[in-house]
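First the proteins, then the strands, lettered A, B, ... as listed; each starts at 1.
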There are 2 protein chains.
Amino acid sequence: MAVASDAVRSRILAAGQRITPQRDVIAQLLEAASRPLGATELCAAVAAEDPRIGRATVFRTLAALEQAGIVAQVSLPGGQTGYLLCGTDGHHHHLVCQGCGGVDDVLEAAVSPFLRRLERDHRFRVDHASFTIYGTCARCAGPGVPRSARSTPAR
Amino acid sequence: MAVASDAVRSRILAAGQRITPQRDVIAQLLEAASRPLGATELCAAVAAEDPRIGRATVFRTLAALEQAGIVAQVSLPGGQTGYLLCGTDGHHHHLVCQGCGGVDDVLEAAVSPFLRRLERDHRFRVDHASFTIYGTCARCAGPGVPRSARSTPAR
DNA sequence: TCGGCTATGATACTTGGTCTCAGAGAGGCG
DNA sequence: CGCCTCTCTGAGACCAAGTATCATAGCCGA
């Protein structure tokens with residue numbers, strides 16, 4: 001059976017959490033998915049991998065991994081919650097492609113000027129902002145069918 | 001019993017929806033709250049106003065009002081959903097004050113430069129973005145404490 | 001090896017929301 | 001006025017997501 005990558009395992013350890021077979025299964029499933037998994041989806045996948053793992057353990061593990069900064073919750077369109085293994089350390093945001101389900105990370109540094117501007121304009125102190133943005137990635141936009149305006153030389 | 005304001009009623013009508021006593025109650029409760037109400041909270045308030053109004057009607061009404069652009073869903077910290085009567089027409093975003101629960105609207109125009117920048121940097125076409133930002137409004141930040149001294153970078 | 005702590009599985013429960021279905025009520029029309 | 005249709009409603013079953021509880025298993029350090 002596959003196991004979670006060393007990188008993930010070491011991050012779990014670094015957060016002072018134990019690596020257990022159950023956590024390994026869950027981390028590995030999220031890692032293999034590379035797109036946000038819904039609660040039902042994840043529970044089903046976990047059950048398929050090892051039917052003896054309980055729902056409570058799944059959610060506990062997600063909470064533990066989230067606390068360790070290894071998984072993030074994103075709100076999927078339709079109001080559902082998706083769980084996502086994220087490669088980026090620290091607080092960041094997500095671009096979710098509605099075509100392939102892939103996720104791109106947006107570093108906090110890219111959004112903080114925007115937030116500071118909001119703070120100034122609205123006389124508001126921002127404590128916490130986390131947003132998920134839906135759209136279409138370059139690959140899914142299709143080669144040869146680029147958005148008319150997107151000839152911009154992106155890095 | 002109080003009724004929803006004329007502005008709200010006319011917006012319901014403009015969206016081709018009927019004004020019924022039940023919708024009136026719900027719109028009026030949201031209007032009076034001036035902060036996001038959770039599902040339980042709202043159902044309880046509705047029941048207090050008229051115990052014969054069913055849950056299904058509450059959610060149906062919320063959906064109808066949301067479609068009419070009169071209410072918005074915001075995700076409250078803790079993952080809960082709040083319902084909110086919004087004064088601004090068109091797509092916009094919300095700043096939620098964690099002190100008083102008040103909500104300030106952020107017009108789409110204020111965020112689109114940020115989104116365009118993201119599109120450029122990530123080669124990503126943004127279809128839909130809606131974010132709710134938590135923080136403290138100027139009033140709750142407290143009088144006498146100058147804003148310049150208390151600005152904190154977003155986490 | 002012993003004690004304590006962490007993690008686990010089972011299960012019941014809560015919350016948030018949807019679906020279904022029969023019926024009430026309003027509006028339009030002849 | 002009477003009828004027809006269409007929207008909206010209430011009740012309640014149902015579902016999905018997540019939490020709480022509790023006894024137990026297993027790891028780990030002393």
Side-chain angles (χ1 to χ4, degrees), chain A residues 4 9 12-30 36-68 70-84 132, chain B residues 4 9 12-30 36-68 70-84 132:
Chain A
R9 296 165 72 98
I12 295 176
L13 289 174
Q17 317 254 3
R18 290 187 193 163
I19 293 179
T20 66
Q22 294 86 346
R23 293 182 175 188
D24 204 62
V25 164
I26 292 167
Q28 171 248 316
L29 285 171
L30 287 173
L37 292 179
T40 318
E41 215 172 356
L42 182 57
C43 285
V46 167
E49 198 74 27
D50 182 348
R52 303 182 334 152
I53 297 180
R55 282 163 46 78
T57 299
V58 174
F59 284 105
R60 265 188 305 240
T61 298
L62 287 173
L65 295 183
E66 188 179 0
Q67 199 189 335
I70 298 168
V71 310
Q73 288 187 17
V74 301
S75 58
L76 302 179
Q80 286 178 304
T81 305
Y83 297 92
L84 173 69
T132 304
Chain B
R9 296 166 71 96
I12 295 176
L13 289 174
Q17 317 252 2
R18 292 190 190 159
I19 293 179
T20 65
Q22 294 85 347
R23 293 182 175 187
D24 204 63
V25 164
I26 292 167
Q28 171 248 316
L29 284 170
L30 286 172
L37 292 180
T40 318
E41 216 171 355
L42 183 57
C43 285
V46 168
E49 198 73 27
D50 182 348
R52 304 183 333 153
I53 298 181
R55 280 162 49 76
T57 299
V58 174
F59 284 105
R60 265 189 306 239
T61 298
L62 287 172
L65 296 183
E66 188 179 1
Q67 200 188 334
I70 298 167
V71 311
Q73 288 187 20
V74 301
S75 59
L76 301 178
Q80 286 178 305
T81 305
Y83 297 91
L84 174 68
T132 305

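- Distance, B/L37 CG to C/dT15 P: 16 Å, rounded to whole Å.
- For C/dG9, the OP1/OP2 oxygens have a side-chain nitrogen or oxygen of A/T57 closer than 4.0 Å.
- Without hydrogens or angle criteria, B/R23 side chain to B/R18 main chain gives a donor-acceptor distance under 3.5 Å.
- Computed from coordinates, the B/R52 CZ to C/dG23 P distance equals 17 Å when rounded to whole Å.
- Rounded to a whole Å, the CD atom of B/E41 is 13 Å from the P atom of C/dT15.
- When the side chain to side chain contact (heavy atoms under 4.5 Å, CB included) test is applied to B/A68, the partners found at least two apart in sequence or on another chain are B/A15, B/I70.
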Practice problem: Check step by step if side chain to side chain contact (heavy atoms under 4.5 Å, CB included) holds for B/R9 and B/D24. | Solution: CA-CA 8 Å; B/R9 296 166 71 96; B/D24 204 63; 2.7 Å; yes
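- Per the geometry, CD1 belonging to B/I12 stands 11 Å off P belonging to D/dC8, to the nearest Å.
- A straight line from CG of B/L65 to P of D/dT7 spans 17 Å, rounded to a whole angstrom.
- Set against C/dG9, D/dC8, D/dG12, the side chain of B/T20 has D/dC8 as its closest nucleotide.
- Using a 4.0 Å heavy-atom cutoff across all strands shown, B/A39 reaches sugar-phosphate atoms only and no base atom.
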Quiz prompt | Derivation of the side chain to side chain contact (heavy atoms under 4.5 Å, CB included) call for B/V46 and B/Q22 | solution = CA-CA 9 Å; B/V46 168; B/Q22 294 85 347; over 6 Å; no
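- A/I12 contributes atom CD1, which lies 5.0 Å from atom CG of A/L65 (distance to the nearest 0.5 angstrom).
- Each of B/A56 and A/P51 lies near DNA chain C, and the nucleotide nearest A/P51 is the one positioned closer to the 5' end.
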Practice problem: Could you please spell out the steps behind the side chain to side chain contact (heavy atoms under 4.5 Å, CB included) verdict for A/L62 and A/L42? | Solution: CA-CA 10 Å; A/L62 287 173; A/L42 182 57; 3.7 Å; yes
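- For A/Q22 and C/dG9, the shortest distance from a side-chain N or O to OP1 or OP2 is below 4.0 Å.
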Quiz item: Where along nucleotides 22-30 of chain D does protein come under 4.0 Å, by heavy atom, of base (B) or sugar-phosphate alone (S), with - for untouched nucleotides?
Solution: ----B----
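- In this structure, of D/dT19, C/dA10, C/dT8, it is D/dT19 that holds the atom nearest to the side chain of A/R55.
- Residues B/L37 and B/L29 share a closest heavy-atom pair of CD1-O, 4.3 Å.
- As a whole-Å value, the separation of B/I19 CD1 from C/dG25 C1' is 16 Å.
- The nearest whole Å value for the distance from the CG atom in B/L62 to the C1' atom in D/dC8 is 15 Å.
- Atom CZ in B/F59 sits about 16 Å away from atom P in D/dA11, given to the nearest Å.
- With C/dG9, C/dT8, D/dG12 as the candidates, the nucleotide lying closest to the side chain of A/I53 is C/dG9.
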